[in-house]
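Every heavy atom of this structure was used, including side-chain atoms; hydrogens, water molecules and symmetry mates were not. The structure displayed is predicted, hence computed values, not measured ones.
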Amino acid sequence: MSVLVWAYGDEYEAERAEILDAVDTVFSSGRLVLGPSVRDFETEFAAYHGIGHCVGVDNGTNAVKLALQALGVGPGDEVITVSNTAAPTVVAIAGTGADVRFVDIDPATYLMDPAALAAAVTPRTRCVVPVHLYGQCAAMEEIGEVARAHGLAVVEDCAQAHGARRNGRLAGTFGDAAAYSFYPTKVLGAYGDGGAVLTGGAEVDRALRRLRYYGMEERYFVETLPAHNSRLDEVQAEILRRKLRRLDDYIAARRAIADRYQEALKDTSLTLPHIAPGNDHVYYLYVARHPRRDLILERLRAHDIELNVSYRWPVHTMKGFAGTAAADVRLPATEECAEEIFSLPMYPSLRRDVQERVIEALLKVLSTVD
Ligand SMILES: *Cc1c(COP(=O)(O)O)cnc(C)c1O
């Protein structure tokens, strides 16, 4: 048995009737593209956050890209982010034609270091993209201060942090815009691709609606470029409407799983997730750290347990970025953490017996490497 196979099977079994009803609702409506389900999901997702506007898009990568473009970011600009993220954060920035600048992380939380951000700003810097990695918010108060001092726009990458809070405030409500992915594994996941951008700004909202729809406001008349076809699919929007009502339950289930890991592993040589003061973590991933990570993963394979590393390669070391100015940087905290982190199975329907089997095997393996 490999415990990472088909993580969503149980969830689909439990929610099947509702998911299929969502599909049937759309197929029967005759409105297959930008219809009532996208509109209602946008209203409901904005309302969940208490923010003015939500624009559904086709995936999280394009959510980041369109958010940047809606704020006027493009060639000649510089955008600061972290290298310790899912590569799409950076692929999206590069897709605007802007130059990427990486800054290091706080080694305890694995999140953007606000002091490193302040030190990296240049006259060309237009925007900062903090990533709420693994499900807890970056230090948004400090990042916001740096942004205000230098006139930078802030785009939050919330792809891993649906429903996360910092000092009571929801992720996605700190910046000028916030980008979400609804990739199936995410805390709020569709049954396929999906994404959205939240913003408080009416003009940004309008720009986003043009950007996702060929640059048009009226049909067949292009108002602005660049532009894309990046619409959220109507079927996925209707599924997301149903699942949004359960978002807080999904988060509670993830927290209960995290609590069990914490309880079982707290007296081992693993470094467990550090929650920054004021943060409510939603545990998109449960990431542990150990200097002998590769040996641990190898020995777990003998127990038929295959664990993920998110992420093994900091983005600035990837071949696709070789030769760019962005790659020419040393990020010691980022590079060290990439060699030591690994993820334990984490999804709301993770069965207790499966989790216990993973814990038991991990404890055995740890006793052989310490
Ligand atoms: C998943 C993810 C994305 C990309 O989302 P897609 O929907 O797969 O395009 C972007 N940023 C982060 C941090 C992610 O985890």
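Across all non-hydrogen atoms, the minimal contact from V329 to E335 is O-OE2, 4.2 Å.
Salt-bridge annotation for E11 and K243: present, with a side-chain N of the basic residue lying under 4.0 Å from a carboxylate O of the acidic one. Remark: E340 does not engage R293 in a salt bridge, criterion side-chain N to carboxylate O under 4.0 Å. Salt bridge D77/R126: present, at least one basic N to carboxylate O contact under 4.0 Å. Ionic pairing of R254 and D249 is not present here: no N-O contact between side-chain nitrogen and carboxylate oxygen is shorter than 4.0 angstrom. Under the 4.0 Å criterion applied to side-chain N and carboxylate O atoms, E217 and R206 are assigned as salt-bridge partners. For D21 and R242, the salt-bridge test passes: some basic side-chain N is under 4.0 Å from an acidic carboxylate O.
A 6.0 Å sphere centred on NZ of K266 holds more than 12 heavy atoms belonging to other residues, nucleotides or ligands. No more than 12 heavy atoms of other residues, nucleotides or ligands sit less than 6.0 Å from atom CG of D328. Dense packing is recorded around CD of E13, with more than 12 heavy atoms of other residues, nucleotides or ligands lying under 6.0 Å away. In this structure, Y183 places its OH atom where only 12 or fewer heavy-atom neighbours from other residues, nucleotides or ligands lie under 6.0 Å away.
A heavy-atom distance below 4.5 Å is not found between the side chains of V358 and H303. The shortest side-chain heavy-atom distance between Q136 and I275 falls under the 4.5 Å cut-off. By the 4.5 Å heavy-atom criterion applied to side chains, R101 and T122 are counted as neighbours. Side-chain contact between D157 and L133 is absent, with no heavy-atom pair separated by less than 4.5 Å. Within the 4.5 Å cutoff, the side chain of Y110 has no heavy atoms near those of the T334 side chain. Taking 4.5 Å as the limit, every side-chain heavy atom of H53 sits out of range of all side-chain heavy atoms of E203. With contacts defined as side-chain heavy-atom distances shorter than 4.5 Å, the pair L188/Y180 does not qualify. Residues Y134 and V282 are not in side-chain contact: their nearest non-hydrogen atoms beyond the backbone lie 4.5 Å or more apart.
Residues passing the salt bridge (charged side-chain N to carboxylate O under 4.0 Å, His left out) test with E156: none are found, sequence neighbours excluded. For E42, the salt bridge (charged side-chain N to carboxylate O under 4.0 Å, His left out) partners two or more places apart in sequence, or in a different chain, are R209, R212.
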**Asked** Can you list the steps and then say if E360 with R357 is a salt bridge (charged side-chain N to carboxylate O under 4.0 Å, His left out)?
**Response** CA-CA 5 Å; E360 202 179 300; R357 208 172 80 70; over 6 Å; no
**Derivation and outcome, ring-ring contact (aromatic ring centres under 6.0 Å, His included), residues Y250 and Y347** = CA-CA 8 Å; Y250 296 139; Y347 46 91; over 10 Å; no
**Request:** Could you check D58 against R231 for salt bridge (charged side-chain N to carboxylate O under 4.0 Å, His left out), going step by step and ending with a plain yes or no?
**Result:** CA-CA 5 Å; D58 49 351; R231 300 180 290 245; over 6 Å; no
**Prompt:** Should E141 and R166 be marked as a salt bridge (charged side-chain N to carboxylate O under 4.0 Å, His left out) after you check the CA-CA gap, both sets of side-chain angles, and the distance that decides it?
**Reply:** CA-CA 9 Å; E141 296 83 1; R166 182 172 177 84; 2.7 Å; yes
**Prompt:** So R31 and E234, salt bridge (charged side-chain N to carboxylate O under 4.0 Å, His left out) or not? Walk me through it.
**Reply:** CA-CA 8 Å; R31 297 288 305 278; E234 188 73 1; over 6 Å; no
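In this structure, the separation between CG on L211 and OH on Y213 is 14.0 Å, given to the nearest 0.5 Å. For the atom pair CG of D233 and CG of N59, the computed distance is 12.0 Å after rounding to the nearest 0.5 Å.
Applying the ring pair (Phe, Tyr, Trp, His ring centres under 6.0 Å) test between H162 and each of Y283, F182, Y284 identifies F182 as the sole match.
Side chains of D370 and S269: a donor on one and an acceptor on the other come within 3.5 Å.
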